[in-house]
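For reference, the structure discussed in these notes is given below.
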Amino acid sequence: QFKYFENMAAVPVYFGYDRVIEERSYLKELSGAPKIQENTAEIIKSTKILRKRYGRVYINIGEPIIMKDYLAAQDKSMEQMTMDERQSLYRKIGYEVVLEINKVSVVTPFALVASGLLSHDRRGISHDELSGILNEFYEYLDTRQVKFAATFAHRDKAIADALNIFDSTDIISKIEADEEEEEMPEVVYSLADTKRLNLEYYKNNILHFFMSICFIATSMVKNPEDVMSRAKIMGDYKFLKWLLWNEFIFDESRDDAEEVDDVLAYLHTRSMIVTTEREGEVWIEVKSKGGARLKPFAGLVHNYLVSCWIVIRSLVYLRKKPLTQKEWLAKIRPLGERMFSKGEILRAEALSQANYQNAIKFLEGAELIISQAKEEKGGKREVTYSLTDNRAQLEVLRRR
């Protein structure tokens, strides 16, 4: 029964878009609405869609995974594997296909601009400051030798076009000062809280390229001192990777220490840090301007950390009684909205059901909650969550 599987090849194919037609339905899904089944007829009926310009479509083909060779490299043949072992193998193959797709994905001007606009939690940013952030992002991506859209051959024009389209579609507002009223007139881009999720999709298309530097920048900007040991950075990196394991695809062929050292070397060449050695230990000093330039990198993953924090706060509901995932999410969503309304959290994109669900997976994997499946009427299985007795580790996580 596995002979046909052995003759197959998994071919990673990347499809990327400047703008997506399903932007509105994507936002509804993030807020907790069920996914609506796609219907080609409905799209054809929507003549407004056909009149709009959505930019380019990008298609790249990754390195094929030849199943015969892949299976031969496993410890057991598929015939010898148990059902659980085969399921694990299928997940591993899927993971590696997505990793290959990530490697051939394309950085578009829309994705880069969206990343810059979401790298901070303020409602507005000047054109000059945004340009500085986008230049930092571009330089880092260039050193990673990622694929850029052809329009980046004229980078300033590509970025300006993306900003103009975001402005014309009311995702951002472009505010220009009156030259007579301002001694130093500047252009400011305003981003309403309700529009941040519109940009989150585009940011997420390229976020995997930034993972290493995001984790290290987070470690540095959250450290109370300007000087920290490499060991501290390494510990923070491993913690953040563990925490967000369900959110991102990590290249397991690369060692964590190798990833950290590559980023530290890059930051050193960009004059953001100074590295010294004392008593056999490497110490990192973040320069004054270096900290400001690192903050946007840390800001790219901040909403994911906030989503985790909301779910950790919601564990109080499990103290009373076990809850199904549906019941628990029904309590997490209003909790996040209240925290946002009170200003405890500042990023609307953190109020994402997808993020909440991945945080729940993390807590289960960390053995801070346990799940039990029970069969309901009609053969439907419902998962119920309850707290474990591992309160000490939970408190460590809360403080971290």
Side-chain angles (χ1 to χ4, degrees), residues 99 102-103 105 107 111-113 115-121 125 128-148 152 155-156 159 203 206-245 248-302 304-305 400:
L99 179 62
N102 281 348
K103 288 179 181 178
S105 59
V107 176
L112 190 68
V113 169
S115 299
L117 290 167
L118 292 177
S119 65
H120 64 96
D121 50 36
I125 186 171
D128 289 346
E129 185 182 353
L130 179 62
S131 295
I133 291 171
L134 296 180
N135 283 336
E136 286 290 352
F137 287 176
Y138 183 91
E139 290 301 324
Y140 177 72
L141 292 173
D142 195 35
T143 64
R144 304 279 290 191
Q145 298 181 326
V146 306
K147 297 178 186 296
F148 287 97
F152 272 109
R155 197 198 315 179
D156 290 343
I159 289 171
K203 182 192 87 172
I206 62 171
L207 188 52
H208 58 278
F209 290 127
F210 289 105
M211 276 299 101
S212 297
I213 197 168
C214 285
F215 290 172
I216 291 166
T218 299
S219 175
M220 289 178 173
V221 301
K222 296 298 180 184
N223 194 56
E225 306 293 332
D226 291 336
V227 180
M228 60 192 305
S229 68
R230 177 188 174 280
K232 171 70 165 59
I233 294 171
M234 195 75 225
D236 289 343
Y237 180 92
K238 286 180 178 292
F239 169 76
L240 290 168
K241 186 175 178 180
W242 175 56
L243 182 67
L244 299 179
W245 181 260
F248 304 105
I249 301 292
F250 297 97
D251 188 352
E252 288 301 283
S253 67
R254 284 181 61 84
D255 183 67
D256 288 346
E258 185 183 0
E259 288 279 8
V260 169
D261 288 338
D262 281 354
V263 172
L264 292 178
Y266 172 78
L267 297 178
H268 188 271
T269 61
R270 297 289 292 170
S271 302
M272 296 189 209
I273 63 170
V274 174
T275 305
T276 57
E277 190 171 333
R278 298 200 305 262
E279 299 177 355
E281 188 171 10
V282 177
W283 290 82
I284 312 297
E285 180 183 354
V286 181
K287 291 188 174 182
S288 56
K289 290 185 178 179
R293 291 162 66 189
L294 283 166
K295 280 184 179 179
F297 287 105
L300 291 176
V301 293
H302 188 74
Y304 289 94
L305 305 183
R400 188 74 180 261

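The figures that follow rest on heavy atoms only: side chains count, while hydrogens, waters and symmetry mates do not.
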With no hydrogens and no angle check, just 3.5 Å: does a side-chain donor-acceptor pair link T218 and H302? no
Listed partners of [X] passing side chain to side chain donor-acceptor pair (under 3.5 Å), at least two apart:
{"X": "D121", "value": "none"}
{"X": "R144", "value": "Y140"}
{"X": "D256", "value": "K238, K241"}
{"X": "K232", "value": "D236"}

Mind checking the [atom1]-[atom2] spacing from [X] to [Y]? Nearest 0.5 Å is all I need.
{"X": "M272", "Y": "F297", "atom1": "CE", "atom2": "CZ", "result": "5.5 Å"}
{"X": "L267", "Y": "I216", "atom1": "CG", "atom2": "CD1", "result": "7.0 Å"}
{"X": "S212", "Y": "L240", "atom1": "OG", "atom2": "CG", "result": "11.5 Å"}
{"X": "I233", "Y": "R230", "atom1": "CD1", "atom2": "CZ", "result": "8.5 Å"}
{"X": "K203", "Y": "S119", "atom1": "NZ", "atom2": "OG", "result": "9.0 Å"}
{"X": "N223", "Y": "M228", "atom1": "CG", "atom2": "CE", "result": "4.0 Å"}

The criterion is side chain to side chain contact (heavy atoms under 4.5 Å, CB included); which residues satisfy it with [X], sequence neighbours excluded?
{"X": "D128", "result": "S126"}
{"X": "N135", "result": "R155"}
{"X": "I249", "result": "Y95, V98, L99, N102"}
{"X": "V286", "result": "M220, I273, L294"}

Could you walk me through whether L112 and L141 pass side-chain contact (heavy atoms from CB on, under 4.5 Å), step by step? CA-CA 10 Å; L112 190 68; L141 292 173; 4.0 Å; yes
For D142, all residues meeting salt bridge (charged side-chain N to carboxylate O under 4.0 Å, His left out), sequence neighbours excluded: none
Please determine whether side-chain contact (heavy atoms from CB on, under 4.5 Å) holds for the pair F209 and S105, giving the CA-CA distance in whole Å, both sets of side-chain angles, and the decisive distance to 0.1 Å. CA-CA 10 Å; F209 290 127; S105 59; 3.3 Å; yes
Residues S115, L300; criterion side-chain contact (heavy atoms from CB on, under 4.5 Å); working and verdict: CA-CA 7 Å; S115 299; L300 291 176; 4.0 Å; yes
Counterpart residues, ring-ring contact (aromatic ring centres under 6.0 Å, His included), relative to Y237 (two or more places apart): F215
ring-ring contact (aromatic ring centres under 6.0 Å, His included) involving Y304 - partner list, sequence neighbours excluded: F248
Could you walk me through whether I284 and V274 pass side-chain contact (heavy atoms from CB on, under 4.5 Å), step by step? CA-CA 6 Å; I284 312 297; V274 174; over 6 Å; no
Contacts satisfying side chain to side chain donor-acceptor pair (under 3.5 Å) that involve residues 271-296 (not counting sequence neighbours) are E136-R293
